[in-house]
Amino acid sequence: MKILVPVKRVVDYNVKIRVKPDGSGVELANVKMSMNPFDEIAVEEALRLKEAGKAEEVVVVSIGPAKAEETLRTALAMGADRAILIEAEGAVEPLAVAKLLKSVADEEKPELVILGKQAIDDDANQTGQMLGALLGWGQATFASKVELGDGKAEVTREIDGGLQTISVKLPAIVTTDLRLNEPRYASLPNIMKAKKKPLDKKSAADFGVDVSPRLEVLKTEEPEGRKAGVKVADVAELVDKLKNEAGVL
Amino acid sequence: MAILVFAEHDNETLSEQTAKAVDAAAKIGGDVHVLVAGKGAGSAAQAAGKLDGVAKVLHADADDYAHGLAEPVADLIVKLADGYDVLLAPATSAGKNVMPRVAALLDVMQISDVMEVVSADTFKRPIYAGNAIQTVKSNDAKKVITVRTSTFSAVGNGGSASVETIDGAGNPGVSTFVKEAIAESDRPELTSARVIISGGRALGSSEKFQEVILPVADKLGAAVGASRAAVDAGYAPNDWQVGQTGKVVAPELYIACGISGAIQHLAGMKDSKVIVAINKDEDAPIFQVADYGLVADLFEALPEFEKAL
């Protein structure tokens, strides 16, 4: 079986982002970029399935600027077999990403697409479900456990209040939640090897997909700050303030 | 303008998230209908009819909808979509699972996690874990929206809308339900609790967490939360996690105990009405968002707090 893993290049999760003073967006110049953490988990899961003999090939794909090649090389260094870069400048919305991924899936014919449940930049949480809809495949979102069976995958999902296990017919979409696995680090020899692994470059136009945004971003601003309140001296004062000043007890 | 709200329920009770989503729908303005898709969920449909501002409830009852599987539910919403300008759901795990599928089938770019309705086509939503707020205008003819319910208020229960039984839309049969493990608890749900008490890594162990946090929670009738650090260390179960990667909450009172206040935790609780922080470290960032800060050893302060309640 072939597994397709879409990955996104985003601002590193350790970076404290800055909103541009003119409200036009978030400062991306000279900021450390990395693979979206949920996508790292997706790559790791695909590799584990391959190592367990359940899959033969792991193909990674990224839609983004030319520099997204670095993100794909990271996935190759982790152990993915080959990569596809679809170059597109500017922000590409989940709907357009899903349409491009559908074209890739139509060509590559994977039996499983594993991707992060959301990207930590736009926090949209849409691409996997949208891809499932466009392909007409079943979806198992927010996965914390994936078991491949004959023609199906049994997936445990993190839902509000607990866990739900569903069975999806293959081919299917799985989106990853944080606790699915802990991604590996790429070793230095593997980073060197990754440089020679095949990476196919295409552009969004090759697929005839219109990637122009549907949502117009009017403004990006800092969230309203919360002001620090007062320090209380002891428990008695705390209880008194909560009862008589805040009125919440 | 007509708006269809996708109801959150467990086939018996209507979740408060639905009442909050109806508030968001009312702010967009127009005829608000609620879709209850489930199996034997008649009482939830009746409850939806009582919500203020709801003009009609559509009730689809079928085995296909018993467990909220995304594919049949999305097909049902798409079938109904012709009659609506806006399709809206609370951004719960169920809403997040289904709505993007609906959006793609309708060729619409969804607006996720709306925290404020600016106008009928313009909305505010958080990006980068709430560290920036985007105002977006949708140019799609139909809007597909999920709303962050913690920033809306539940509407009242004074309505009397009719409940109309509707046919299902079939099941593509690509997924089946296997089992569910919902944590049983007498405590209120984190996302709807009036009071939440949360513990951090400073608790030191699962035993201490139980011993120090739970009595206060019991006394206050509070839900129990935890920081990611406490969950990762195994002091508290996954579904207690409050933060960007866990639950986003906005109770009337949030008590953070031994939580330093990492950005990812703040993103999940900073919309709480009143925040109390109890921490030994007076420089902990949590104090910068707390209305009332107590610099103290939580192992002494919490038992004392419990007694004083």
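Convention: sequence-line order gives letters A, B, ...; per-chain numbering from 1.
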What verdict does the side chain to side chain contact (heavy atoms under 4.5 Å, CB included) test give for Val11(A) and Tyr128(B), after you've listed the backbone C-alpha separation in whole Å, the side-chain angles of each residue and the deciding distance to 0.1 Å?
CA-CA 9 Å; Val11(A) 173; Tyr128(B) 289 94; 3.7 Å; yes
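- Salt bridge status for Lys124(B) with Glu221(A): present, with a side-chain N to carboxylate O gap under 4.0 Å.
- The shortest distance between side-chain heavy atoms of Arg226(A) and Ile275(B) falls below 4.5 Å.
- For a residue to count as touching a neighbouring chain, one of its non-hydrogen atoms must lie under 4.5 Å from one of that chain's; by this rule Ile263(B) touches chain A with the side chain only.
- Looking at Gln241(B), the atoms closer than 4.5 Å to chain A (heavy atoms on both sides) all sit in the side chain, from C-beta outward.
- Remark: Lys96(B) does not engage Asp160(A) in a salt bridge, criterion side-chain N to carboxylate O under 4.0 Å.
- With hydrogens and angles left out, the side-chain atoms of Tyr292(B) and Glu245(A) include a donor and acceptor closer than 3.5 Å.
- For the pair Asp121(A) and Ile127(B), the minimum side-chain heavy-atom distance is 4.5 Å or more.
- Going from atom NE2 of His67(B) over to atom CD1 of Ile166(A) covers 11.5 Å, rounded to the nearest 0.5 Å.
- With Asn131(B) contributing its side chain and Ile17(A) its backbone, the two residues share no donor-acceptor pair below 3.5 Å.
- Here Lys241(A) does not pair with Asp291(B) in a salt bridge; the nearest charged N to carboxylate O distance is not below 4.0 Å.
- Remark: side-chain polar atoms of Arg214(A) are paired, donor with acceptor, to backbone N or O of Asp107(B) under 3.5 angstrom.
- Using modelled atom types and a 3.5 Å distance limit, the side chains of Asp122(A) and Gln134(B) yield no donor-acceptor pair.
- Val102(B) does not touch chain A: none of its heavy atoms, backbone or side chain, sits under 4.5 Å away.
- If you check the side chains of Ser112(B) and Gln126(A), you find a donor sitting under 3.5 Å from an acceptor.
- For a residue to count as touching a neighbouring chain, one of its non-hydrogen atoms must lie under 4.5 Å from one of that chain's; by this rule Thr122(B) touches chain A with the side chain only.
- Interface residue Lys247(B): only side-chain heavy atoms are found under 4.5 Å from chain A.
- Contact check for Glu300(B) versus Val235(A): no side-chain heavy atoms found under the 4.5 Å cut-off.
- Ranked by heavy-atom pairs shorter than 4.5 Å toward chain B, the options Val168(A), Thr175(A), Leu215(A) are led by Leu215(A).
- A donor-acceptor pair is defined here as one N or O able to donate and one able to accept, closer than 3.5 Å; no such pair exists between the side chain of Glu252(B) and the backbone of Leu249(A).
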